[in-house]
Every structure is written in C-alpha cells, then in structure tokens.
Amino acid sequence: MNTDLLNLFDCDETKLRSILSGALSGADDGELFVEHAQAESLTFDNGRLKGGSFNTDQGFGLRAVAGEAVGYAHAGELSAAALSRASDAVRAVTAGYSGSYAAAPQRTNKKYYGDENPIGSPSFEEKAKLLTEIDAYLRNKDDKVRQVTATVSASWQVVDILRADGHRVQDIRPMTRLNISVVVGDGDRQESGSFGTGGRIGFGDFVTDGNWQTGADEALRQALVNLTAIEAPAGTMDVVLGSGWPGVMLHEAVGHGLEGDFNRKKTSAFAGLLGEMVAAPGVTVVDDGTIDNRRGSITIDDEGTPSAYNVLIEDGKLVGYMQDRQNARLMGMKPTGNGRRQGYAYVPMPRMTNTYMLGGTKTPEEIIASVKKGIYAVSFGGGQVDITSGKFVFGCTEAYMIENGKIGPAIKGAMLIGNGPEAMKRVSMVGNDTKLDTGIGNCGKAGQWVPVGVGQPHLRMDQVTVGGTRA
C-alpha cells in the first residue's frame, strides 16, 4: 500500500494543513495523527486450527491542547469533511484561550527496526503448518501433555504525524509474536506452563526449528515443574527474583508511578520526590525505547518526539519521570519520547517503552546462596497495583523454596505482597545478569494497551510478605 497516509485523504496536503492550522489556532500544542494498521492472528488448540483473524483499520485523531485541557476528535474516514468536523469539535477547548504553540520536536535519523510488513509472509498455510508441528512436537515429547495451545500473531502499523507548524514525521512499526501454552496432567492433577517470544521483527526467527522448539521445551518444562510443586508457605521472608520477565513487577509497582501525569497530578507515591532516595543504593532503573527490534521500542513516540534512553532512578535516587509533551510543559520539564497511544482513536499520554533495572556486581549463585530460608520467584503471572499508594500483589507462575542457600522444591500459589517504593528499599543484592523479557509485554492504562518490554537482573529483596496456602 501507499505509506504516505496524507495521500489517502480526498484533498491535497495544502488543504489539510489549512484545516489543521485553523483547528490549532490559539492552542499550546496539538497535531494530526493519521494511522493505517493491519493485524493477523492464528490459534491452534486441541489438535485443530481453532481461530484466525485479520483486521485492517485506518483513521485520524486530531488533538488541541490548551493548558491542562485537551480537545480530541477522531474518525475512520480520511476526508477533508471529516477533518473539518473534527476541527470544529477540538476548537471548543481553545475558546477564550490564547496559547503559544509549542516548538516542534527534534527530528531523528535513527531507526530501531525494519519496516517490512510481516503479515502475509510466510503464508497462511505455512503459519498453520508451524502451529501443527508445535502441537505434534509437544504431544510426542511427553505423555503427560493433555492440551497444547499455540498462537502466532503479527501487526503492521504506519503512522503519520502533522503539526500546525508544518513539522511532519512518519514511522512504520512491524510486530510479531509466538505464544505456546501447555497443560500437563498426572491423575486428577493438572498444571500449565507457557512461553512467548516476539518483537519488531519478521517471522523468520520463529519458523526455524531451533527457535520454536526451544520455546516449546520451555513451556513444557515449566508445566512439569508445576506438576510437582507443593503448596507455597505464607509469611515474611527473603525473596530472590529471577532475571528477565520478573521485571514486570518493577514495571507495575514502580514504572507506572514514574509516569509524568501521575506525578503532575500528585497521585503517584513518587510525587514530589525528585532528588530523594526512593530505592536502595545500587538500584538504577531506566526506560529505553531505543533498543533494536525490541517489542517496546519506538523510533518516535505518538507525538513525534524521538525515543530516548531515560534514567529514572540512579543509584537509588529519583532523577526523572517519563513525559509526554503536555505534562512535560506543565511541569517545566522536557519531553522524554514517552507520549504513546493505542491508536488514532486515543489521546497520547506518558507510557513506558522498555523499562528495566541495570545490573550490579553479584552473581545469581551468590544471591541465592545468601538466603537461609526464602522464595526464589522465577516467573510471574498477573498482578494488581495501586498507583497512589504503591501497593502491589503479584502471583508467581514458577517459584521455588530456598533452604540454606540452595534451591529447594517447587511451590505453587505464592503471592508477593508489598509497596513499590518500600520494596525498592528492600533490595539488598543486585545481580550482574540484567536480561530483558522474551518479547511478550502488554501494558494497560486508562483503557489503552501498548506493547512494552521489561527486564532486570537477579535481585534479593529482604523481608517481603509472601501469601501462600501453607503456614
């Protein structure tokens, strides 16, 4: 398709710029955001192709910002008439207001992923064949396997951002993902395991035997571990978090609290704490949208600001927030490239990209050996976080007892309970093995979902509340 999205309107660019200029007259900021998106998904379950979908959507969102107020209108029709109606709607926010239109974002020549559309290559038949092979491979691998669910999905998003000052930028964003879930059983007991991988890449990495087989083996391994797990204890104890995906707890319990809007409105547990110690010495947390091909990476955010490597907590001290343009201006700070939106029907807001903790000096073996009695949490499932108080609850999908410095039996039903800022102060050892997740993160906020990355090294956290079913 033609990736020059402004050409899809029924008028020339001069007309579009004229309408946009009128819509944003007197505004502090704002833009025309145009999007074309495609998405495909195939699911294989219980030995058969269970579902498939393909969606195409396109449209525009028009935003005018006046102080703390935002006027927003969107439409799926790319026409001068629709844009004019949207212009009339957003102008209501600037009635009686006289702002000074903000300077445009800097441009960038950097690109952190390719622009090839992953949908259609390989073909539908080849993707269905891959899912069939995954199912057969796992069922032949172990006779305890009772159910296999495998999904391949891809998306391709083209965005065009035009400002009233004539500044225009474009980004093309591919995404692919493979998910495998396995249920194993022994008698009446059943347990599950899963593995997922993905990023802003093509399907080539997934369709190689070595890659998907490694993922299938990992899902089966986790399921078999859980099949032998004993009930988790309850109490206060030292906890070791594994590297990689356990960074989802950092994302939820700390990352959201460092987004600019929550801090401007003083609804975050971190509000007003810039320059203060909010974590233990040695804890450094960054948000980095500039990592090649990562799921959470973006060349530009959805306001046109280039993505960046942003240090949030440095050696325990709070040094920065993640900002979109509006909240940065209102707080007297600079945008950080974190203004993101789900699509053209949504307003941008401060959102994470790839958020992770930098490594320290300890090996994972040293950290585990330091714990007399505790929990080793290798993987997490769902969790709940209250941004204002910082309180969180996270469920472990793979965890073990630690007894006298050695990994003991697997446990099930373990829940980690605490407060984000307080938990960061309980970090007593930081591993040297920082790792990002395998490319499966999705983040929800205010009804919008965006792809993200998480990560961390092995960590020891002292005296954490563990919820379990065994005293």
Side-chain angles (χ1 to χ4, degrees), residues 29 31 33 35 37 39 61 63 65 68-70 72 74 155 157 159 173 175 177 245 247-271 285-289 294-298 300-305 307-308 310 312-313 318 320-331 333 335-356 380-395 419-421 437 439-455:
D29 209 347
E31 71 286 310
F33 178 89
E35 176 192 23
R63 181 179 67 143
V65 179
E68 295 187 14
V70 175
Y72 198 74
H74 63 88
S155 65
Q157 181 193 38
V159 301
R173 303 164 179 169
M175 187 77 76
R177 180 167 169 172
W245 177 246
V248 69
M249 191 173 86
L250 176 73
H251 166 103
E252 294 287 359
V254 178
H256 277 297
L258 298 181
E259 292 169 336
D261 50 352
F262 294 130
N263 287 278
R264 177 178 67 81
K265 298 172 185 176
K266 301 189 184 307
T267 56
S268 166
F270 294 96
V285 178
V286 303
D287 183 83
D288 183 7
R294 294 297 308 185
R295 181 173 174 83
S297 294
I298 46 176
I300 56 170
D301 71 7
D302 294 321
E303 299 175 303
T305 305
S307 188
N310 297 300
L312 307 174
I313 299 174
L318 179 59
Y321 298 126
M322 290 166 281
Q323 298 282 15
D324 63 355
R325 290 174 61 86
Q326 181 188 25
N327 287 281
R329 185 183 67 259
L330 294 171
M331 295 179 73
M333 299 178 178
T336 58
N338 290 94
R340 305 187 66 190
R341 59 181 113 196
Q342 180 174 315
Y344 71 85
Y346 302 85
V347 295
M349 64 180 74
R351 303 296 299 272
M352 285 172 272
T353 58
N354 303 300
T355 310
Y356 57 96
F380 287 112
Q384 294 181 334
V385 179
D386 183 281
I387 301 300
T388 303
S389 68
K391 293 180 180 179
F392 64 80
V393 178
F394 278 92
N419 174 282
D437 72 289
I440 58 175
N442 280 315
C443 174
K445 177 181 175 181
Q448 295 193 44
W449 291 89
V450 296
V452 297
V454 302

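Computed from a predicted structure; not experimentally measured.
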Practice task
Run the numbers on Ser268 and His256 for side-chain contact (heavy atoms from CB on, under 4.5 Å), then give the verdict.
Solution key: CA-CA 8 Å; Ser268 166; His256 277 297; over 6 Å; no
Practice task
Would you check, one step at a time, whether the test salt bridge (Lys or Arg N to Asp or Glu O under 4.0 Å) holds for Asp302 with Arg325?
Solution key: CA-CA 10 Å; Asp302 294 321; Arg325 290 174 61 86; over 6 Å; no
Practice task
Take Val454 and Thr355, measure what side-chain contact (heavy atoms from CB on, under 4.5 Å) needs, and give me the verdict at the end.
Solution key: CA-CA 5 Å; Val454 302; Thr355 310; 5.7 Å; no
Handout entry: Stepwise side-chain contact (heavy atoms from CB on, under 4.5 Å) test for Leu312 and Val286
Key = CA-CA 5 Å; Leu312 307 174; Val286 303; 5.8 Å; no
Problem - Stepwise side-chain contact (heavy atoms from CB on, under 4.5 Å) check, Met249 with Phe392 - result: CA-CA 9 Å; Met249 191 173 86; Phe392 64 80; 3.8 Å; yes
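Of the inter-residue distances, the one linking Phe394 atom CZ with Phe380 atom CZ reads 7.5 Å to the nearest 0.5 angstrom. Between Glu35 atom CD and Gln342 atom CD the span is 9.0 Å, to the nearest 0.5 Å. Taking CD1 from Ile300 and OG from Ser307, the interatomic distance works out to 10.0 Å, rounded to the nearest 0.5 Å. In this structure, NZ on Lys265 lies 7.0 Å from CG on Asn327, to the nearest 0.5 angstrom.
Using a 3.5 Å distance cut-off with no hydrogens or angles, the side chains of Asn338 and Arg351 do not pair a donor with an acceptor. With 3.5 Å as the limit, one finds a donor-acceptor pair spanning the side chains of Arg295 and Asn442. Residues Ser389 and Asn419 bring no donor and acceptor atom of their side chains to less than 3.5 Å of each other.
None of Lys391, His251, Glu252 except one satisfies the side-chain contact (heavy atoms from CB on, under 4.5 Å) rule with Val385; the exception is Glu252. Considering Arg340, Arg329, Arg63 as possible partners of Glu303, the one that fulfils the salt bridge (charged side-chain N to carboxylate O under 4.0 Å, His left out) test is Arg63. Checking Thr336, Asn310, Thr353 one by one against Asp287, the side-chain hydrogen bond (donor to acceptor under 3.5 Å, both in side chains) holds for a single residue, Thr353.
Asn354 places a side-chain heavy atom less than 4.5 Å from the side chain of Ser297. Between Asn263 and Phe270, some side-chain heavy-atom pair lies under the 4.5 Å cut-off. Proximity of Thr388 to Phe262: side-chain heavy atoms (C-beta onward) are nowhere separated by under 4.5 Å. Between Gln326 and Asp29 the shortest side-chain heavy-atom distance does not fall below 4.5 Å. Side-chain contact check for Met331 versus Tyr321: some heavy-atom pair is nearer than 4.5 Å. Trp245 has its side chain within reach of Ile440: a pair of non-hydrogen atoms, C-beta onward, lies under 4.5 Å apart. Between Asp324 and Asp261 there is no side-chain heavy-atom pair separated by less than 4.5 Å.
A pairwise comparison of heavy atoms in Pro421 and Ala269 identifies CG-CB, 3.9 Å as the closest pair. Between Tyr72 and Tyr346, the shortest heavy-atom contact is OH-O, 3.1 Å. Residues Val347 and Arg341 approach most closely at O-CB, 3.7 Å, considering heavy atoms.
Atom NZ of Lys445 is surrounded by more than 12 heavy atoms from other residues, nucleotides or ligands within 6.0 Å.
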